[in-house]
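A note on names: the letters A, B, ... follow the listed sequences, proteins ahead of strands, and every chain is numbered from 1. In what follows, every heavy atom counts, from backbone to side chain, and hydrogens, waters and symmetry copies are set aside.
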There are 2 protein chains.
Amino acid sequence: MSLSIKDIARLSGVSTATVSRTLSQPDRVSETTREAVMAVVDRHGYRVNSMARNLRRQRADSVLAIVPDLGNPFFSAIFAGLQQTLSAGGTDLLVTDSHSALRGGQSLLSHLREARVDGLVCLDGELPEAARAELKAPDIATRVVFACEWLAEGDFPSVRSDNRAGMRLAVDHLVGLGHRDIAYLSGPGGNVLDTERRAGVVESLASHGLALPGPRFGSGDFSLEAGRAAAAEFLALIPRPTAVICASDQLAIGLASGLHAHGLRVPDDVSLVGFDDIQTAEFVNPPLTTVRQDRLQIGVQAASLLLRQLAGANCAPNKIVTLPVSLQVRGSTAAPSLARKP
Amino acid sequence: MSLSIKDIARLSGVSTATVSRTLSQPDRVSETTREAVMAVVDRHGYRVNSMARNLRRQRADSVLAIVPDLGNPFFSAIFAGLQQTLSAGGTDLLVTDSHSALRGGQSLLSHLREARVDGLVCLDGELPEAARAELKAPDIATRVVFACEWLAEGDFPSVRSDNRAGMRLAVDHLVGLGHRDIAYLSGPGGNVLDTERRAGVVESLASHGLALPGPRFGSGDFSLEAGRAAAAEFLALIPRPTAVICASDQLAIGLASGLHAHGLRVPDDVSLVGFDDIQTAEFVNPPLTTVRQDRLQIGVQAASLLLRQLAGANCAPNKIVTLPVSLQVRGSTAAPSLARKP
DNA sequence: TTGAAAGCGTTACCAG
DNA sequence: CTGGTAACGCTTTCAA
């Protein structure tokens with residue numbers, strides 16, 4: 001059993017109040033007593049019990065990040081950003097995925113309601129209706145920020161990349177290369193990111209007097225598998241597009257793999273653009289041209305936004321931080337081969 | 001301000017003790033009172049305050065996972081496994097990286113010592129001496145398990161893949177294909193995984209009457225960049241190996257990218273084998289032959305081992321769980337081309 | 001089956 | 001500058 005503040009008080013001949021002050025507000029204690037107390041503290045390796053402290057202070061010094069799927073490597077960089085900012089302020093990072101958070105009809109807010117965490121960083125924009133409703137309760141809404149994805153309703157503070165601007169960069173790049181038949185490989189239907197990115201593509205194509213080929217292309221999620229599966233769909237497109245802008249890098253890499261299996265060459269037969277700039281994008285063959293979003297920064301900004309929010313600096317309700325993106329031009333895009341025009 | 005157990009007690013005309021029992025041991029309460037209390041609880045959406053409960057019960061209902069780098073996507077699957085097992089038992093998952101955990105001379109054990117968490121899952125085998133020493137304190141050692149990596153000293157319980165067996169599979173595969181000049185691309189020097197995998201390669205080569213080419217090849221970490229950088233080193237090897245077994249998939253993919261830039265073809269000019277079977281391994285071009293380790297399972301096993309440990313089921317001291325691995329044969333390996341023999 | 005009451009380890013207010 | 005002392009919200013004997 002470890003020592004409590006009472007033991008330290010007794011051992012150093014002062015009251016528990018003084019020990020407490022020595023530890024949390026050293027300047028409110030005389031130098032002599034401070035040194036005496038610290039000597040005892042150090043000798044015994046005493047650490048305050050955070051459960052007791054938190055109960056008394058009525059806060060948890062920790063926040064919960066909710067992602068759609070913990071196994072998705074996309075979120076690692078965001079965790080790093082969150083952690084980086086949170087740990088600097090002594091706040092802990094808990095993680096969970098919406099699936100387990102919601103399991104057994106449990107509330108997304110259990111952690112908040114049970115006072116286990118002070119706030120929530122929600123990285124999932126596809127919450128079931130019940131969860132969305134809960135989030136809007138006035139005493140809750142101030143403790144939540146969204147990151148990456150967001151909710152169309154509710155005016156939650158959020159941090160996101162400039163998805164439309166990203167797609168404009170992609171379209172301009174391809175059009176500049178000479179492409180006119182450009183397709184968009186969709187992510188999950190209804191997902192805000194997919195909606196936004198698609199809108200960005202449509203909007204930018206329009207400004208060049210172009211449009212997307214008719215039917216929706218792609219379905220499912222943002223994954224490698226979905227990308228690969230979309231290859232067959234691509235082959236059926238008439239006229240066949242000379243370039244595809246994908247809703248994510250994983251889709252693009254999966255599609256490249258699928259196209260390759262069907263004997264099509266990237267970028268000779270078709271140019272590919274991704275979105276995210278995940279680590280491997282630069283290392284696949286050919287290296288992927290993609291819209292880079294700064295995931296670390298998304299984490300950093302989300303954490304500091306939440307921290308400010310919790311600190312009561314409620315200066316900016318429904319604050320939205322939009323992060324800039326950039327186009328990384330690599331080997332997966334090239335001018336369309338004239339030979340292929342059917 | 002939310003309601004406390006006192007409010008619920010008052011509202012339902014019973015004592016706080018009864019409310020507490022109703023919530024945590026429903027069978028120790030008469031059906032009538034139980035229903036009455038639950039009605040009030042439900043109407044007001046009362047949730048137990050976990051800080052108070054934990055202070056009283058003297059536990060945190062949460063564990064901390066420490067990884068070398070939160071930004072490394074390799075760990076996502078392991079987090080998923082940890083979470084899956086932990087959440088089933090109502091335990092929370094905190095994450096941090098060794099870097100921030102150790103920042104400012106802080107102890108790795110702060111969280112444990114401050115009673116913020118009940119136990120530690122350590123995924124970093126390269127801890128500084130001071131941290132290693134701390135971990136061995138008797139009251140601490142029972143609350144820690146290692147996963148993936150481990151410490152050579154200290155007899156901590158740990159979960160790991162069968163690294164040697166994996167390398168045997170890789171070597172046998174290459175030798176079976178006709179390779180005799182096989183190199184090993186090293187990860188970080190001194191890292192237990194690298195040491196173990198290299199030993200596995202050496203051992204298996206020896207059983208075929210073969211040996212590694214002289215000098216150590218590769219240095220740095222397990223990353224894509226390190227792999228790419230190793231390409232130049234590879235070119236300098238004489239005689240040039242016809243195959244390379246890499247300490248990780250990232251190294252292999254990076255090396256492939258570097259070799260490609262130098263005009264070498266995989267697998268025509270050189271065969272490549274990775275280790276891990278990360279998601280992208282199957283999607284790069286050519287798809288990577290690799291030793292698959294089940295990261296989700298590593299997480300699952302580590303969590304349940306820790307949970308058992310904490311529950312006092314100290315049945316197996318220095319317990320080591322070794323998980324099986326398998327070889328995924330894909331396009332990056334082929335028979336050596338005779339033409340290239342110098 | 002239920003209630004009273006003693007803590008769990010801190011912090012912060014109020015005196016001195 | 002320091003000490004006494006209520007809380008913080010809950011669980012768990014111990015009695016009834």
Side-chain angles (χ1 to χ4, degrees), chain A residues 1-41 44-62 90 110-118, chain B residues 1-38 40-41 44-62 90 110-118 139:
Chain A
M1 200 50 207
S2 67
L3 299 184
S4 84
I5 198 174
K6 278 187 183 165
D7 302 308
I8 304 302
R10 187 167 33 74
L11 258 28
S12 41
V14 298
S15 71
T16 61
T18 299
V19 176
S20 177
R21 277 188 218 104
T22 307
L23 262 18
S24 26
Q25 326 171 41
D27 33 322
R28 301 183 59 67
V29 157
S30 81
E31 194 179 328
T32 20
T33 48
R34 189 194 318 147
E35 284 170 357
V37 172
M38 286 311 290
V40 178
V41 165
H44 294 85
Y46 167 77
R47 319 286 337 267
V48 297
N49 179 307
S50 66
M51 294 186 297
R53 160 180 287 182
N54 287 341
L55 172 59
R56 177 62 228 226
R57 289 196 174 161
Q58 297 291 67
R59 53 186 166 101
D61 280 340
S62 57
S110 328
H111 281 82
L112 222 44
R113 289 249 153 79
E114 291 171 5
R116 289 169 96 91
V117 300
D118 301 315
Chain B
M1 200 48 209
S2 64
L3 299 185
S4 83
I5 198 173
K6 277 188 186 166
D7 301 309
I8 303 302
R10 187 168 33 74
L11 258 27
S12 40
V14 298
S15 72
T16 61
T18 299
V19 176
S20 176
R21 280 189 214 104
T22 307
L23 263 18
S24 24
Q25 326 170 41
D27 33 322
R28 302 183 60 67
V29 157
S30 81
E31 194 178 329
T32 19
T33 49
R34 189 194 319 149
E35 283 170 358
V37 172
M38 286 312 291
V40 178
V41 165
H44 294 85
Y46 168 76
R47 319 283 340 264
V48 180
N49 180 307
S50 66
M51 294 187 298
R53 159 180 287 182
N54 287 342
L55 173 59
R56 176 61 225 230
R57 289 196 174 163
Q58 295 291 68
R59 53 187 165 100
D61 280 340
S62 57
S110 328
H111 282 79
L112 223 42
R113 289 249 153 79
E114 291 170 5
R116 290 170 94 92
V117 300
D118 301 315
D139 53 327

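Rounded to whole angstrom, the span from the CG atom of N54(B) across to the P atom of dT10(C) amounts to 15 Å. Between the NZ atom of K6(A) and the P atom of dG4(D) there is a distance of 12 Å, given to the nearest Å. Atom pair R34(B):CZ and dT1(C):P shows a separation of 10 Å (rounding to whole Å applied). When rounded to the nearest whole Å, the span between CD1 of I5(B) and P of dG3(C) equals 12 Å. Atom-to-atom, CG of L23(B) to P of dC10(D) comes out at 9 Å; the value is rounded to the nearest Å. Separating the CG atom of L55(A) from the P atom of dC10(D) is a distance of 9 Å, rounded to the nearest angstrom. In this entry the distance linking CD of E114(B) with P of dG9(C) reads 15 Å, nearest Å. One atom, CZ of R10(A), and another, C1' of dG9(C), lie 14 Å apart when rounded to the nearest Å.
Looking only at side-chain heavy atoms (C-beta outward), D27(A) and R34(A) stay at 4.5 Å or farther from each other. Side-chain contact between D61(B) and R116(A): present, with at least one pair of heavy atoms (C-beta onward) separated by less than 4.5 Å. Contact check for V19(A) versus K6(A): no side-chain heavy atoms found under the 4.5 Å cut-off. Within the 4.5 Å cutoff, side-chain heavy atoms of V37(A) are placed close to those of V14(A). At least one side-chain heavy atom of I8(B) sits under 4.5 Å from a side-chain heavy atom of S12(B).
Among the heavy atoms of the strands lying under 4.0 Å from V14(A) are primed sugar atoms or P, OP1, OP2 only; no base atom is included. Among the atoms of the strands shown, only primed sugar atoms or phosphate atoms (P, OP1, OP2) are found under 4.0 Å from some heavy atom of R47(A). At the heavy-atom level, S50(A) lies nowhere under 4.0 Å from the strands shown.
Contact annotation: Q58(A) does not reach the phosphate of dT10(C) (side-chain N/O to OP1 or OP2, under 4.0 Å). Between S4(B) and the phosphate of dC8(D), there is no side-chain N or O to OP1/OP2 separation shorter than 4.0 Å. The phosphate of dC10(D) has OP1 or OP2 within less than 4.0 Å of a side-chain N or O from Y46(B).
With sequence neighbours left out, A17(A) forms a side-chain contact (heavy atoms from CB on, under 4.5 Å) with S15(A), R21(A). By the side-chain contact (heavy atoms from CB on, under 4.5 Å) test, S62(B) pairs with A60(B), D92(B), L94(B), V117(B), sequence neighbours left out. In this structure D118(A) satisfies the salt bridge (Lys or Arg N to Asp or Glu O under 4.0 Å) test with no other residue, sequence neighbours excluded.
The residue among G13(B) and A52(B) whose nearest nucleotide of DNA chain C is located toward the 5' end is G13(B).
With dC10(D), dC1(D), dT11(C) as the candidates, the nucleotide lying closest to the side chain of N49(B) is dC10(D). For S15(B), counting side-chain heavy atoms from C-beta on, the closest listed nucleotide (dG3(C), dT2(D), dC8(C)) is dG3(C).
Sorted by first and then second residue, the pairs that involve residues 45-54 of chain A and meet side chain to side chain donor-acceptor pair (under 3.5 Å), not counting sequence neighbours, are R47(A)-E114(B).
Remark: T18(A) OG1 to L23(A) CG distance equals 11.5 Å, nearest 0.5 Å.
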Where do N or O atoms of nucleotides 12-15 of chain C meet protein N or O atoms at under 3.5 Å, pair by pair?
| unit_1 | atom_1 | unit_2 | atom_2 | d |
| --- | --- | --- | --- | --- |
| dA12(C) | O4' | R56(A) | NH2 | 3.4 |

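Taking the C1' atoms of five terminal pairs at each end of the helix from dT1(C)-dA16(D) to dG16(C)-dC1(D), the two resulting helix axes are inclined by 30°, rounded to 10°.
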